[in-house]
Amino acid sequence: EAEVAQSPRYKITEKSQAVAFWCDPISGHATLYWYRQILGQGPELLVQFQDESVVDDSQLPKDRFSAERLKGVDSTLKIQPAELGDSAMYLCASSLVRGQGAFFGQGTRLTVV
Amino acid sequence: RKEVEQDPGPFNVPEGATVAFNCTYSNSASQSFFWYRQDCRKEPKLLMSVYSSGNEDGRFTAQLNRASQYISLLIRDSKLSDSATYLCVALSGGYNKLIFGAGTRLAVHP
């Protein structure tokens, strides 16, 4: 069964350091999402791609976060500098057609110390 | 006000019970809705889509009430393995972003 791949699974970093997460969506899925989930809350959308284009980044803290999907396939989310409040699960999801339910990767659990 | 709101629970029910969750959404233009299941410290998994006519998948039934802007999920004959957090999702905006509620926790006990 096709899956969304994410790495790393876990990341511990010191505040003010840079950190990057990688996501490889299900093959052929044009829509890719990055979500952040704090324990006890629902996932919050950070950025949405349609192919290589960003179509929504309204909730992305652009002073420290950046995301790219250069060839419209895999994607990278970066945080620089990391802050203590960035500790969360970062989830990547993809969907075949915009408007369908999305499938999630296992996520990257980030701890900032 | 959040765009998708759910009762956080927890709902504590015995095995075999029927339990229902409701979810309200504020954007009347939302067209599609989903229920996801999330186990502790795992990723959300798509449980089912919610159609205007309602849909059923085994012990699970989802309903949509557009007039009152709420979605429901009914679980019949609850199993221990149904214990999880259930997330309500609405598609919103021109590019159909998925907006999640905070989730409802279900605990099924023997």
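Residue numbers start from 1 in every chain, and the chains themselves are labelled A, B, ... in the order their sequence lines are given, proteins ahead of strands.
Neither the backbone nor the side chain of S49(B) has a heavy atom closer than 4.5 Å to any heavy atom of chain A. Using a 4.5 Å cut-off between heavy atoms, Q38(B) contacts chain A through its side chain alone, with no backbone atom that close. Heavy atoms of L98(B) lying under 4.5 Å from chain A belong to its backbone as well as its side chain. Proximity to chain A (any heavy atom under 4.5 Å) is shown, for R41(B), by both the backbone and the side chain. Heavy-atom distances place no part of F33(B) under 4.5 Å from chain A, backbone and side chain included.
The shortest non-hydrogen separation linking L46(B) to G101(A) is CD2-CA, 4.3 Å. Here the closest heavy-atom approach between residue L91(A) and residue P44(B) is recorded as CD1-CD, 3.9 Å. Between G42(A) and L87(B), the closest heavy-atom pair is CA-CD2, 4.3 Å.
In the displayed structure, R105(B) atom CZ is contacted under 6.0 Å by at most 12 heavy atoms of other residues, nucleotides or ligands. By the neighbour-count criterion of 12 heavy atoms within 6.0 Å, atom NZ of K71(A) is sparsely surrounded, having that number or fewer from other residues, nucleotides or ligands. Applying the 6.0 Å contact sphere to CG of L80(B) captures more than 12 heavy atoms from other residues, nucleotides or ligands. In this structure, I12(A) places its CD1 atom where only 12 or fewer heavy-atom neighbours from other residues, nucleotides or ligands lie under 6.0 Å away. Enclosure of atom CD in E3(A) is not indicated, since only 12 or fewer non-hydrogen atoms of other residues, nucleotides or ligands lie within 6.0 angstrom.
Hydrophobic clustering of Ile, Leu, Val, Met, Phe, Trp and Tyr side chains at less than 4.5 Å, counting indirect connections, keeps L39(A) apart from V113(A). Note on V54(A): it clusters hydrophobically with L46(A), by side-chain heavy-atom contacts below 4.5 Å among ILVMFWY residues. Grouping the Ile, Leu, Val, Met, Phe, Trp and Tyr side chains by contacts below 4.5 angstrom, directly or via other members, places M48(B) with V19(B).
For the atom pair OH (Y35(A)) and NZ (K97(B)), the distance works out to 9.0 Å, reported to the nearest 0.5 Å. The distance from atom OG of S92(B) to atom CG of L45(A), rounded to the nearest 0.5 Å, is 10.5 Å.
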side-chain contact (heavy atoms from CB on, under 4.5 Å) for S32(B) and Q100(A)? Distances and angles first, verdict last. CA-CA 8 Å; S32(B) 300; Q100(A) 285 188 346; over 6 Å; no
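Contact tally against chain B (heavy-atom pairs below 4.5 Å) for E44(A), M89(A), Q106(A): the top residue is Q106(A).
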